[in-house]
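Notes follow once the structure below has been shown.
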Amino acid sequence: AQTVTQSQPEMSVQEAETVTLSCTYDTSENNYYLFWYKQPPSRQMILVIRQEAYKQQNATENRFSVNFQKAAKSFSLKISDSQLGDTAMYFCAFSAYNFGNEKLTFGTGTRLTIIP
Amino acid sequence: DAGVIQSPRHEVTEMGQEVTLRCKPISGHNSLFWYRQTMMRGLELLIYFNNNVPIDDSGMPEDRFSAKMPNASFSTLKIQPSEPRDSAVYFCASSFDGNYGYTFGSGTRLTVV
């Protein structure tokens, strides 16, 4: 079974600063996918970024980037030039790369507040 | 594309009543997932379907919960009888072959009084 751990229940940063959210996971799978989802107060779950475990290059989506350390089973999210609209819950999630096991396993989330 | 569509957005019901939540996945997606979100337990997978067939229902809490996917464009999650501890936000999500990213619906907030 896979587990995902987010050790920072809450974080806050000033607008325009950079913030890093931590995530570690445990799995015996060799091929898998990792995701970060954002859940603003509207409760909609929004995919922020996705990383394939077989790719060494870290994924980047505009202001969002990840630091994927496969050996350490670490998958942190960096938000650059943070904006007020980044205020939300952020969930790290894992999915195995095999049929019958594609379900997403979520961490407990980090509540991020961007301070004006 | 309209995305994953869930209905109703809010549901308030009395204990003991039957509740049916509905989901329309994105056209072309072949996997559908039902999740429950609570403060205490976070996001839990209840059941997921691949090509309309239930693959893993180990997260369904008990026999009061049932889910169906009669065709590729519709799924239901039914709770009968409902209990106050079923109060939560229920999400439906769909994907194509699972791992390219899951698209979530806007959720149904269920309150059982």
Side-chain angles (χ1 to χ4, degrees), chain A residues 1-10 23 25 27 29-55 59 61 64 66 68 75 88-111, chain B residues 1-6 8-11 23 25-26 29-51 53-60 67 87-111:
Chain A
Q2 285 74 228
T3 60
V4 178
T5 302
Q6 293 179 251
S7 58
Q8 305 154 310
E10 294 187 18
C23 173
Y25 59 94
T27 183
E29 301 280 348
N30 190 47
N31 293 321
Y32 49 87
Y33 294 84
L34 295 163
F35 306 86
W36 280 97
Y37 277 86
K38 168 185 178 181
Q39 187 178 40
S42 66
R43 85 169 181 240
Q44 181 71 46
M45 293 288 287
I46 302 165
L47 177 64
V48 175
I49 200 165
R50 167 182 173 269
Q51 174 81 41
E52 296 96 324
Y54 62 86
K55 287 188 177 180
E61 289 287 342
F64 299 87
V66 298
F68 173 49
F75 183 62
M89 282 289 288
Y90 286 81
F91 293 95
C92 180
F94 172 102
S95 174
Y97 185 70
N98 49 61
F99 176 76
N101 202 19
E102 309 104 312
K103 62 185 180 183
L104 276 173
T105 299
F106 286 92
T108 52
T110 296
R111 184 176 301 279
Chain B
D1 198 324
V4 176
I5 300 173
Q6 288 188 247
R9 184 159 173 81
H10 304 278
E11 176 80 35
C23 176
I26 290 175
H29 281 190
N30 61 353
S31 293
L32 183 140
F33 306 79
W34 282 100
Y35 282 86
R36 178 171 68 176
Q37 185 178 31
T38 61
M39 288 294 293
M40 292 298 296
R41 300 174 68 90
L43 281 154
E44 304 173 276
L45 177 71
L46 299 177
I47 185 170
Y48 89 90
F49 298 85
N50 184 272
N51 292 323
V53 176
I55 302 299
D56 183 354
D57 65 354
S58 59
M60 296 286 264
S87 297
V89 177
Y90 290 81
F91 285 102
C92 175
S94 72
S95 69
F96 178 71
D97 278 345
N99 298 309
Y100 288 89
Y102 303 68
T103 302
F104 282 77
S106 55
T108 295
R109 179 176 294 281
L110 173 65
T111 304

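As a basis for the values below, the full set of heavy atoms in this structure was taken, side chains included, without hydrogen atoms, waters or symmetry mates. What you see is a predicted model, and the numbers here were worked out from it, not measured in a lab. Below, read A as the first sequence line, B as the second, and so on, with proteins coming before strands; counting in each chain starts at 1.
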- Task: Select, from B:G42, B:G107, B:A93, B:G59, the one with the greatest count of heavy-atom pairs under 4.5 Å involving chain A.
- Result: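 Ranked by heavy-atom pairs under 4.5 Å with chain A, first place is B:G107.
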
- Query: Which atom names give the shortest non-hydrogen contact between B:F33 and A:K103, and what distance separates them?
  - Reply: CE2-CA, 3.7 Å

- Message: Can you give me the closest heavy-atom contact between A:R43 and B:R9, atom names plus distance?
- Response: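 Smallest heavy-atom distance, with atoms named: NH2-O, 2.9 Å.
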
- Side chain, backbone, both or neither: which part of A:Y32 has an atom under 4.5 Å from a heavy atom of chain B? neither

- Atom pair CG/CG of B:L45 and A:L104 - distance to nearest 0.5 Å: 8.5 Å

- Item | Donor-acceptor under 3.5 Å (A:Y37 side chain, B:Y102 main chain) | yes

- Answer yes or no: is there a side-chain heavy-atom contact under 4.5 Å between B:F104 and A:Q39? no

- Query: Is there side-chain contact between A:F106 and B:Q37, with heavy atoms separated by less than 4.5 Å?
  - Reply: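 A:F106 does not reach B:Q37 side chain to side chain.
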
- Message: Please determine whether the number of non-hydrogen atoms from other residues, nucleotides or ligands lying under 6.0 Å from atom CZ of A:R111 exceeds 12.
- Response: no

- Message: Which residues pass the salt bridge (charged side-chain N to carboxylate O under 4.0 Å, His left out) test with B:E44, not counting sequence neighbours?
- Response: B:R36, B:R41

